Undergrad: 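This is the structure I have questions about; it appears just below.
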Protein chains: 2
Amino acid sequence: MDSVTTTPPPRQPRRDATENREALLAAARAVLNRDPAASLEAIAAAAGLSRRSVYGHFSNRDDLLLELVTSGSRRVASALETVSHSDPLTRLALIASHLWIEVESVRVMAVVALRGPLASHTVGALGPVRREVREAIRAGQANGTMRPDIPVDRLARLVEDTALSVLEESTEHAIGAGEGHRLVMLMTLGAVGLGWRESHEFIAETPELTWSGE
Amino acid sequence: MDSVTTTPPPRQPRRDATENREALLAAARAVLNRDPAASLEAIAAAAGLSRRSVYGHFSNRDDLLLELVTSGSRRVASALETVSHSDPLTRLALIASHLWIEVESVRVMAVVALRGPLASHTVGALGPVRREVREAIRAGQANGTMRPDIPVDRLARLVEDTALSVLEESTEHAIGAGEGHRLVMLMTLGAVGLGWRESHEFIAETPELTWSGE
DNA sequence: AATAACTTGCACAGCACTGTGCAAGTTAGG
DNA sequence: CCTAACTTGCACAGTGCTGTGCAAGTTATT
């Protein structure tokens with residue numbers, strides 16, 4: 001009668017289950033980008049599942065969003081790890097450039113960051129990027145390469161908004177990968193004070209900024 | 001028994017009632033700017049009224065929003081009526097400048113324009129402004145004063161976003177009226193390709209763009 | 001083929017919100 | 001001061017969402 005510790009030999013999780021989990025995350029990414037307040041019903045449907053089975057993968061609505069945000073922030077963070085350049089202008093352009101490569105992740109975070117219990121989490125996740133941007137701008141102003149007529153913090157926020165605008169634009173009105181990459185950099189450089197000719201010259205003469213993707 | 005057509009001499013609407021109506025609109029403006037999905041309860045409370053009495057002034061939630069948007073668009077439209085200048089760059093800067101004066105109206109429309117049945121109405125209301133912006137940019141590019149490296153429509157949308165970013169920034173982080181006015185113009189000019197020095201020069205040598213408010 | 005893993009549909013409780021009716025109050029205006 | 005105009009609180013129906021339990025099905029794995 002010692003059926004107590006009969007190790008119930010647990011099977012492996014089924015393959016299709018994890019696939020569905022991924023599908024849910026992907027669907028959430030897509031749907032929430034269109035409507036940040038979309039219901040689980042809508043998300044599940046987009047993933048080809050029923051609302052009920054969402055709860056087989058995530059305990060909560062917030063749990064799902066949390067996963068979206070944290071996985072997104074991980075991607076962005078790791079994408080920005082490689083960014084480090086002595087020239088602040090190049091550094092800023094590189095940040096913009098690398099963000100472009102992670103558009104989806106960034107947008108998800110921006111979209112979900114609106115209100116609710118996730119807000120704190122998202123700003124936390126985006127924090128490091130923010131700091132890098134601010135720092136690059138500070139250096140750039142000291143450097144004389146960026147406009148000194150707007151206080152660092154304010155300019156940093158405006159630059160962030162600029163980049164986000166381009167990322168949004170890029171998903172709402174189709175744009176080639178290389179084109180988008182060029183556009184983020186152009187507008188970011190413009191925001192810190194460069195004229196459009198200057199921006200082009202700068203990009204042209206800075207090999208690190210060349211698009212080498214897709 | 002002919003008490004039928006005894007004209008029931010109707011009184012005038014009470015003064016405080018119309019005041020409350022205004023208070024509701026003002027509260028809605030303020031509250032919805034923080035949370036676009038705020039409840040009528042929240043709005044009414046901010047106006048010092050009960051949720052129930054909202055329905056004494058507006059038949060619907062949408063009715064309230066509709067009024068916000070249309071009154072806002074009327075203000076913006078009339079503010080932009082005076083804008084007309086042969087030089088496209090000046091014209092664009094003037095649009096930005098005049099928008100600044102109507103910040104609140106613009107922001108309300110932008111915020112409420114998200115989804116729902118109001119979307120069509122708001123884009124309609126903002127339509128004329130959009131067209132003016134687009135036209136100024138087209139002329140500016142032909143002119144050689146604005147960057148030709150981005151197609152008109154795309155650039156127009158980016159300029160709109162830039163202006164909105166500044167307006168948002170201005171309400172989220174306090175800024176003087178004159179300062180804000182200067183900032184919208186600077187960033188708008190930057191978006192169409194001017195370097196920061198150029199922008200300053202341009203504003204300095206264009207008397208129409210001088211701040212004469214408050 | 002056996003079985004655990006997974007999905008589904010349905011039913012239900014709960015919550016937050018809108019919109020309405022009504023009776024009782026308060027207040028501005030004639 | 002009288003009365004209509006306005007506000008309020010409460011109750012109630014309706015809607016759309018979340019989260020859960022459960023029984024019945026389907027499917028991957030061994």
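From a predicted model like this one, the values you see are computed outputs, not experimental measurements.
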Undergrad: With sequence neighbours excluded, give me every salt bridge (charged side-chain N to carboxylate O under 4.0 Å, His left out) pair touching residues 174-188 of chain A.
TA: A/E179-A/R182

Undergrad: Would you say NE2 of A/H121 has more than 12 non-hydrogen atoms from neighbouring residues, nucleotides or ligands within 6.0 angstrom?
TA: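 Counting other residues, nucleotides and ligands, NE2 of A/H121 stays at 12 neighbours or fewer.
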
Undergrad: For C/dT8 and A/S53 - does any side-chain N or O of the residue sit under 4.0 Å from the phosphate oxygens OP1/OP2?
TA: yes

Undergrad: State whether B/R131 and B/E135 are salt-bridged, where the test is any N-O pair (Lys NZ or Arg NE/NH1/NH2 against Asp/Glu carboxylate O) under 4.0 Å.
TA: no

Undergrad: With a 3.5 Å distance limit and no angle check, can you tell me whether A/Q141 reaches the backbone of A/R147 through a side-chain donor-acceptor pair?
TA: yes

Undergrad: Which heavy atom in A/R21 sits nearest to a heavy atom in A/H57, and how many Å separate them?
TA: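 Heavy atoms only, the tightest pair is NH1-O, 3.0 Å.
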
Undergrad: Quick check: closest heavy atoms across B/L209 and B/M185, and the distance to 0.1 Å?
TA: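 Smallest heavy-atom distance, with atoms named: O-CE, 3.5 Å.
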
Undergrad: When you compare the side chain of B/L40 with that of B/Y55, does any pair of heavy atoms fall below 4.5 Å?
TA: yes

Undergrad: Which residue pairs pass the salt bridge (charged side-chain N to carboxylate O under 4.0 Å, His left out) test when at least one of the two sits in residues 52-66 of chain B, sequence neighbours left out?
TA: none

Undergrad: So if I take residues 20-31 of chain A and measure heavy-atom distances to DNA chain D, which residues fall below 4.0 Å?
TA: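 None, since no heavy atom is under 4.0 Å.
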
Undergrad: Any idea which heavy atoms bring A/G176 and A/W100 closest together, and the distance?
TA: O-CZ2, 4.1 Å

Undergrad: Can you name the residues that form a ring pair (Phe, Tyr, Trp, His ring centres under 6.0 Å) with B/H200, not counting sequence neighbours?
TA: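 Result, ring pair (Phe, Tyr, Trp, His ring centres under 6.0 Å) vs B/H200: B/W196.
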
Undergrad: Does C/dC6 have OP1 or OP2 under 4.0 Å away from a side-chain N or O of A/H57?
TA: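 Checking C/dC6 against A/H57, no side-chain N or O comes under 4.0 Å of OP1 or OP2.
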
Undergrad: What string of B, S and - do you get for nucleotides 14-23 of chain C 5' to 3' if you count protein non-hydrogen atoms under 4.0 Å?
TA: ---SBBBBB-

Undergrad: Produce the list of close N/O pairs, under 3.5 Å, pairing protein atoms with atoms of nucleotides 28-30 of chain C; give distances to one decimal.
TA:
from   : atom 1 : to    : atom 2 : distance (Å)
C/dA28 : O4'    : B/R14 : NE     : 3.4
C/dG29 : OP2    : B/R15 : NH2    : 2.9

